[in-house]
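A, B, ... follow the sequence lines: proteins, then strands. Residue 1 opens every chain. Note that the coordinates shown come from a computational prediction; the quantities given were computed from them, not determined experimentally.
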Protein chains: 2
Amino acid sequence: MSAYTATVTVRLKQGVLDPEAETTKRALERLGFELSGLRSADRFEVDLDATDEDAARERAGEMAERLLANPTIHDYDVEVAPRE
Amino acid sequence: MSAYTATVTVRLKQGVLDPEAETTKRALERLGFELSGLRSADRFEVDLDATDEDAARERAGEMAERLLANPTIHDYDVEVAPRE
């Protein structure tokens with residue numbers, strides 16, 4: 001077993017309204033910043049032990065499916081890196 | 001001016017309690033997953049126009065300092081990529 005960190009990024013699917021991001025964008029504009037768009041996402045860094053990188057990726061994907069993401073409204077991606 | 005997307009990742013500083021991450025970790029464990037740690041972070045993808053990549057990075061850093069992160073409890077990093 002080796003130690004990995006899986007980073008799961010959970011974002012709203014295209015077309016799902018994101019009022020928090022809209023509010024943040026407006027607040028930045030009120031501060032004088034110019035920007036043409038803003039999207040927010042949640043990021044989870046999960047430390048886990050697995051036999052190899054593929055196993056770690058698969059397990060993190062299951063975590064996303066079962067808890068971290070809501071498949072109705074979210075897309076997610078998983079990145080895996082060895083943990084020192 | 002060119003189009004860039006700046007990704008600002010905002011995470012709690014080491015040592016700052018993160019009850020949301022702790023709750024998520026326990027929920028995953030109740031589902032039968034084994035993990036040795038979980039950290040959560042917010043990720044903002046900001047679309048902006050700038051003269052070059054350094055200017056885009058600097059502007060996104062100012063956004064983090066002024067609004068997206070709370071320097072008392074948060075660290076942040078900025079990644080910039082050209083936007084298609």
**Asked** Any side-chain heavy atom of Asp42(A) sitting closer than 4.5 Å to one from Thr9(A)?
**Response** no
**Close side-chain approach of Glu22(B) and Thr24(B), heavy atoms under 4.5 Å** = no
**Message:** I'd like to know which of Ser40(A), Ala3(A), Ser36(A), Ala27(A) tops the heavy-atom pair count under 4.5 Å against chain B.
**Reply:** Ser36(A)
**Asked** Are Asp47(B) and Thr5(B) linked by a side-chain donor-acceptor pair shorter than 3.5 Å?
**Response** yes
**Message:** Are there residues of residues 48-57 of chain B whose heavy atoms fall under 4.5 Å of chain A's heavy atoms? If so, which?
**Reply:** Leu48(B)
**Item:** Any Phe44(B) side-chain heavy atom under 4.5 Å of Met63(B) side chain
**Value:** no
**Prompt:** Contact part of Thr7(A) toward chain B, heavy-atom cut-off under 4.5 Å: side chain, backbone, both or neither?
**Reply:** neither
**Gap between atom OH of Tyr76(B) and atom CD of Glu65(B) - 0.5 Å precision** = 3.5 Å
**Prompt:** Knowing that exactly one of Arg11(A), Arg43(A), Lys25(A) qualifies, which makes a salt bridge (charged side-chain N to carboxylate O under 4.0 Å, His left out) with Glu45(B)?
**Reply:** Arg11(A)
**Message:** I'd like to know if the side chain of Arg59(A) and the backbone of Glu34(B) have a donor-acceptor N/O pair within less than 3.5 Å.
**Reply:** yes
